[in-house]
Protein chains: 2
Amino acid sequence: MDKYVDILKKHGIKVTPQRLEILRFLDTHHTHPSADEIYMELKKKHPSLSKTTIYNTIQSLKDCGLLVTLLISPNESRFDSLINPHHHLLCSECGKILDINVECPYSRKVLAGGHRIDEVHGYFKGVCEKCLMKGGK
Amino acid sequence: MDKYVDILKKHGIKVTPQRLEILRFLDTHHTHPSADEIYMELKKKHPSLSKTTIYNTIQSLKDCGLLVTLLISPNESRFDSLINPHHHLLCSECGKILDINVECPYSRKVLAGGHRIDEVHGYFKGVCEKCLMKGGK
DNA sequence: TCTCACATTGTAATCATTACAATCAGAGGG
DNA sequence: CCCTCTGATTGTAATGATTACAATGTGAGA
Ligand SMILES: [Mn+2]
Ligand SMILES: [Mn+2]
Ligand SMILES: [Zn+2]
Ligand SMILES: [Zn+2]
C-alpha cells in the first residue's frame, strides 16, 4: 500500500509512525536538510517526536544504504536520500546545497596508491548561478 | 629571526606567544590535527592557554589563507597548513587522515553550470595502505 | 493472559564551537 | 615618563549538535 512501508520492510527495519514520517520527508525534500530542519517540520504534526529519534532513524537508514551524510556545512551534518554518486555545492549567499553532476574520475572508488576506497565525497564552496544572476556579484 | 614571527608579521597578524606556538605546531605537524589535539599538546607548556584562543588563532590564519579546514571526520574539524590543493583519505582503521595527491579536474575551480567556485574539497573514506597490509583486510 | 527479552524512544549528558565580557598593550596627551 | 583611552586579544560561560543510557513499548513464547 504505502511506498515507505515497503521500503522499510524490504530493508528489515521495523515500521513505526516516526520512521515513516522521517523517510517520507527525506524522500520528498531533496534539499539536503539538517537533522534540525527535519525535526522542526515533523514536530508540527507529531509534537511528541524527539530529535534523537531523528538521529536514530537516520542511522538506520544509513546502515542499509538509503541515506548519505554530507559534511559540507560547518556545525551540522546534512542528509541526502539520493544515493547515486554525485557532488555538492554549498552556496555562501543563499545557503542552499545543490547537486552537482560532474564526471568524476574517482567516483568508481578506485585510486592509485594501494588504499581501499569506500566513499567518495566531492564538495564545492562558492556562489550558485541563481545568486550570481540576482546579486550581480 | 624566528620564521614564524616573520610569517605572522607578513600577514598583518600581531605576534603573541600563543599564536607563535599554534603556528609552529601546525607547521611542524602535518597530521591534520583537531582543535583539541593542538590544545592538549600546547597546554603542556602553556597551562593558561584556552581552547578559544586555538579557535581564534585558527580563524586568523584561515583569514589570510595560511590554513584550511577539513570537514572529513564527523564530530570535529581538522586543520591543514599545507594549502596547495590536494585531497584527503580518512582511514577507518587507524583514524589517520592522509594527503592524496591525485589529478583532479576540478581543482582549478572551474565548473560547468554557471556557479562560482571558491573552494574544492575531495574526501575519500576507506582503509589506508598500511592498515590493509597489517590487518589483512 | 502473563512474563521476559529486545527494540524503540526520548531525557539528560557530552563535547565542539561561538558569544561576549575581562584583560592587556600600545598610542597619544599631560 | 606616567596616565588614560581604545581597540585587540584572551578565556569564561553559553550554545547547540550529537550521543549515552534509562524509560517505555512490543511481541513471542509459556
Ligand atoms: Mn545531493
Ligand atoms: Mn592535507
Ligand atoms: Zn545561492
Ligand atoms: Zn590506516
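Chain letters run A, B, ... following the sequence lines, proteins first and then strands; every chain starts at 1. Since this is a predicted model, take the numbers as computed values, not measurements.
Taking CG of B:Leu89 as the start and CD1 of B:Ile97 as the end, the distance is 9.0 Å to the nearest 0.5 Å.
Residue A:Lys51 places at least one side-chain N or O closer than 4.0 Å to OP1 or OP2 of D:dA17. Residue A:Asn75 places at least one side-chain N or O under 4.0 Å from the OP1 or OP2 atom of C:dT18. Close to C:dT9, at under 4.0 Å from its OP1 or OP2, lies no side-chain N or O of A:Ser48. Between D:dT9 and B:Gln18, no contact under 4.0 Å exists linking OP1 or OP2 to a side-chain N or O. The side chain of A:Thr53 contributes no N or O atom lying less than 4.0 Å from OP1 or OP2 of C:dT8.
Atom CD1 in A:Ile54 sits about 18 Å away from atom P in D:dG16, given to the nearest Å. Taking atom CG of B:Asn56 as the reference point, atom C1' of D:dG11 lies 9 Å away to the nearest angstrom. Between the CG atom of B:Asp36 and the C1' atom of C:dT14 there is a distance of 13 Å, rounded to whole Å. The CD-P distance, from B:Glu76 to C:dT17, rounds to 7 Å in whole Å. Following rounding to the nearest Å, B:His46 (NE2) and D:dG11 (P) show an atom-to-atom distance of 11 Å. The CD1 atom of B:Ile58 sits 16 Å away from the P atom of D:dT9 (whole-angstrom rounding). Here C:dT9 presents its C1' atom at 16 Å from CD1 of A:Ile13, a figure rounded to the nearest Å. Between B:Lys14 atom NZ and C:dC24 atom C1' there is a gap of 10 Å when expressed in whole angstrom units.
A parallel orientation is assigned to the rings of A:His29 and A:Phe25, their planes being inclined by less than 30° (bins at 30° and 60°).
The side chain of B:Ser50 approaches D:dT12 more closely than any other nucleotide in the set D:dT12, D:dT19, C:dT9. Distances from the side chain of B:Tyr55 to the nucleotides D:dT18, C:dA16, D:dG11 place C:dA16 closest.
Between A:Arg78 and A:Asp80, no side-chain nitrogen of the basic residue sits less than 4.0 Å from a carboxylate oxygen of the acidic one, so the salt-bridge criterion is not met.
When only modelled atom types and interatomic distance are considered, A:Ser92 and A:Lys125 share no side-chain donor-acceptor pair under 3.5 Å.
A donor-acceptor contact under 3.5 angstrom links the side-chain atoms of B:Thr52 to the base of D:dT12.
The nearest heavy atom of DNA chain D to A:Gln59 and to B:Thr57 marks one nucleotide each, and the one closer to the 5' end goes with B:Thr57.
No engagement by B:Ser34 is indicated, since no non-hydrogen atom pair under 4.0 Å with the nucleic acid exists.
No side-chain heavy atom of B:Ile100 sits under 4.5 Å from any side-chain heavy atom of B:His88.
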